[in-house]
Amino acid sequence: MANPKFQSPKGVKDIFSPESEVRRKVLDIFAKQARLAGYGEIVLPLFEDIGVFSRVGESTEIVQKQMYDFQDKDNRQMALRPESTASVMRAFIQHRPVTPWKCWYEGAHFRYEKPQAGRFRQFHQVGVEVLGTNDPAADTEVISLAAKFFQEIGCGVEIVLNSLGGVESRANYLETLRDYLTARNNELSAQAQKTLSLNPLRVLDSKVEGDAAIISEAPEMKLSADDQKHFDDVKEKLESLNIAYTLNKRLVRGLDYYTRTAFEFIATNLDSSQDAVGGGGRYDGLSELLGGPKCAGVGFAIGIDRTLLALEETQKISTNTLDVFIAYVGAQTEAIQMATELRQAEISTEFSFDNRSLKAQMKLADKSGAKVALILGEDEMKQNSVSVIELRKASNQSLVPQKDLKAHLLKLLNA
RNA sequence: GUGAUCGUAGCUCAGUUUGGUUAGAGCGCCGGGUUGUGAUCCCGGAGGUCGGGGGUUCAAAUCCCCUCGGUCACCCCA
């Protein structure tokens with residue numbers, strides 16, 4: 001990094017090929033899986049009125065200190081989206097699509113945080129939401145869709161599952177827990193005390209050793225009969241699909257709006273503290289929070305940057321390589337024409353600029369990874385033909401009439 | 001937000017402890033090794049105001065301060 005006058009902002013990165021190629025592939029696989037399950041894409045704004053997000057998680061860190069907010073020229077308080085569920089909900093309330101409504105999305109999200117392994121200020125998420133049903137089958141479908149995605153891209157994940165109770169039992173439990181923890185406040189770590197004032201549920205997630213005893217003695221969430229039945233149903237259906245999961249009563253999630261089913265996807269080969277590659281759950285009270293009708297919902301979000309990080313170790317996804325490299329001697333125009341024709345036939349083709357020496361061009365051809373090099377020089381032009389060299393095989397060169405070139409190449413490339 | 005650590009060619013780094021002639025290596029890049037042929041090999045070349053700013057000194061990549069950025073942990077989360 002010499003002395004560039006400008007560089008990318010803190011916590012934000014440029015992604016070059018071939019890394020970007022892998023990423024594209026992963027995104028395509030997600031889109032395909034979502035469509036296969038009948039989800040339609042929703043393209044949302046990257047920023048919203050700040051209220052859309054702040055309403056939804058007043059006590060969360062995401063809203064309290066990680067919001068990338070700004071004032072526009074009309075003095076409106078806006079925020080770059082830190083997540084998309086709230087945006088989806090806002091769009092739903094605004095346009096009222098027929099329910100049950102299933103959508104998927106993909107795009108950049110922003111959180112004003114100190115960057116770290118697997119954590120950036122701009123990061124890419126994909127996700128789905130199902131609105132207008134509390135059928136446990138929806139929970140299961142959503143989880144199995146994510147599981148299928150991870151399987152397709154070859155990323156090992158552990159599915160962690162919990163139930164946070166319905167809107168009412170969750171609220172009741174929150175009170176019980178708050179009372180209990182407040183009573184023992186002075187025994188808690190300073191960190192936990194701070195968390196307690198924000199969200200008692202998340203104290204259960206404390207990793208401070210001294211808090212362990214207090215946490216283990218804490219009253220447990222009692223699911224109502226309905227909530228328990230719902231949860232059992234979700235589990236049963238997951239089992240019927242052979243989707244393995246582990247239960248964890250401590251799983252709480254970062255946003256406050258979750259109710260009933262909550263889940264997380266933990267990358268098995270990521271040992272950094274940022275090993276959650278995705279998460280989601282049910283949010284049956286969210287619509288009302290944003291001034292909408294009563295409307296149940298369930299969904300998840302998956303962090304693509306982190307997923308890619310987890311994938312790096314396994315390198316399961318291969319990127320495309322070039323098919324043909326055209327080297328030319330005094331025939332640049334013909335080379336361009338030929339490249340255009342081959343591309344038309346969906347043969348990926350490249351040639352070099354700047355009229356370089358044949359030797360230089362052959363070196364480029366080799367480095368480009370092309371399977372075949374073509375030479376278009378005076379001799380070939382005279383005979384209306386092209387020299388075809390199979391780069392990955394021991395010296396294998398032949399002269400092919402230009403009219404037969406396409407067919408010849410297709411045969412070589414498909415062999 | 002708290003803390004640690006790093007920042008020298010496009011990349012990976014040496015040199016910083018014990019300040020001192022034109023700042024090095026490997027890889028990569030460009031060119032050449034006779035007429036139009038890739039890996040390998042040989043030869044040559046380009047490329048750095050040592051992240052930026054200030055200070056100490058006869059002298060700073062090397063010491064001090066500030067700042068920006070990277071990395072990592074805590075917090076939290078995707």
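Hydrogens, waters and symmetry mates play no part in the numbers below; they use all other heavy atoms, side chains included. A, B, ... follow the sequence lines: proteins, then strands. Residue 1 opens every chain.
- Residue A:Glu380 is classed as a base contact, given a heavy-atom separation below 4.0 Å to a base.
- Classified by interplanar angle (parallel below 30°, tilted 30° to 60°, perpendicular above 60°), the ring pair A:Phe351/A:Phe353 is perpendicular.
- Using a 4.0 Å heavy-atom criterion, one finds that A:Ile389 contacts the bases of the nucleic acid, with or without backbone contacts as well.
- Within 4.0 Å (heavy atoms only), A:Asp305 reaches no atom of the nucleic acid at all.
- The nearest whole Å value for the distance from the NZ atom in A:Lys363 to the C1' atom in B:G31 is 8 Å.
- A:Ala276 comes within contact range of the sugar-phosphate backbone alone, with a heavy-atom separation under 4.0 Å but no base atom that close.
- Under a cutoff of 6.0 Å and an axis angle of 45°, A:Arg121 and A:Phe110 do not form a cation-pi pair.
- Pairing for B:A23 is absent, judged as Watson-Crick or G-U wobble with the two contacts each under 3.5 Å.
- Atom-to-atom, OH of A:Tyr258 to C1' of B:C76 comes out at 15 Å; the value is rounded to the nearest Å.
- Going from atom CZ of A:Phe53 over to atom P of B:A78 covers 14 Å, rounded to whole Å.
- On the P atoms, B:G15 is 27 Å away from B:C29, given to the nearest whole Å.
- Among the atoms of the strands shown, base atoms are found under 4.0 Å from some heavy atom of A:Ile375.
- The number of heavy atoms from other shown groups lying within 6.0 Å of CD (A:Glu41) is above 12.
- In this model, a side-chain donor or acceptor of A:Gln397 finds a partner on the base of B:U37 within 3.5 Å.
- Between A:Phe265 atom CZ and B:C77 atom P the separation is 17 Å, expressed in whole Å.
- Rounded to whole Å, the distance from CD on A:Glu378 to P on B:U35 is 15 Å.
- If you take NE2 of A:His109 and P of B:A78, they are 11 Å apart, rounded to a whole angstrom.
- A:Phe92 and A:Trp101 have parallel rings, their planes meeting at less than 30° on a 0 to 90° scale where 60° marks the start of perpendicular.
- Residue A:Lys13 places no side-chain N or O under 4.0 Å from the OP1 or OP2 atom of B:G69.
- Base pairing of B:C74: its partner is B:G1, meeting the Watson-Crick or G-U wobble criterion (both donor-acceptor distances under 3.5 Å).
- Judged by distance alone, with hydrogens and angles left aside, the side-chain atoms of A:Asp227 form a donor-acceptor pair with the main-chain N or O of A:Gly166 at under 3.5 Å.
- Distance noted for atom C1' between B:G32 and B:A46: 14 Å (whole Å).
- Between B:G7 and B:C64, the distance separating the two P atoms is 13 Å to the nearest Å.
- In this structure a side-chain-to-backbone donor-acceptor pair under 3.5 Å is missing from A:Asp275 to A:Ala267.
- The CG atom of A:Asp14 sits 13 Å away from the C1' atom of B:G69 (whole-angstrom rounding).
- Looking at heavy-atom distances under 4.0 Å, A:Phe120 makes contact with a base.
- Taking the six-membered ring for Trp, A:Phe70 and A:Tyr68 have ring centres at least 6.0 Å apart.
- Under 4.0 angstrom from either OP1 or OP2 of B:C77 there lies no side-chain N or O belonging to A:Gln66.
- Residue A:Gly11 is the one, among A:Gly303 and A:Gly11, whose nearest nucleotide of RNA chain B lies closer to the 5' end (criterion: closest heavy atom).
- Position along RNA chain B of the nearest nucleotide to A:Ser387 versus A:Arg356 favours A:Arg356 as the more 5'-ward residue.
- A:Glu113 comes within 4.0 angstrom of a base, heavy atoms only.
- Residue A:Arg392 is classed as a base contact, given a heavy-atom separation below 4.0 Å to a base.
- Counting any heavy atom pair closer than 4.0 Å across all strands shown, A:Lys359 reaches a base atom.
- The base of B:C75 sits with one of its N or O atoms less than 3.5 Å from a complementary donor or acceptor on the side chain of A:Arg119.
- The residue A:Lys114 sits close to a base: some heavy atom pair falls under 4.0 Å.
- The residue A:Val329 sits apart from the nucleic acid: no heavy atom pair falls under 4.0 Å.
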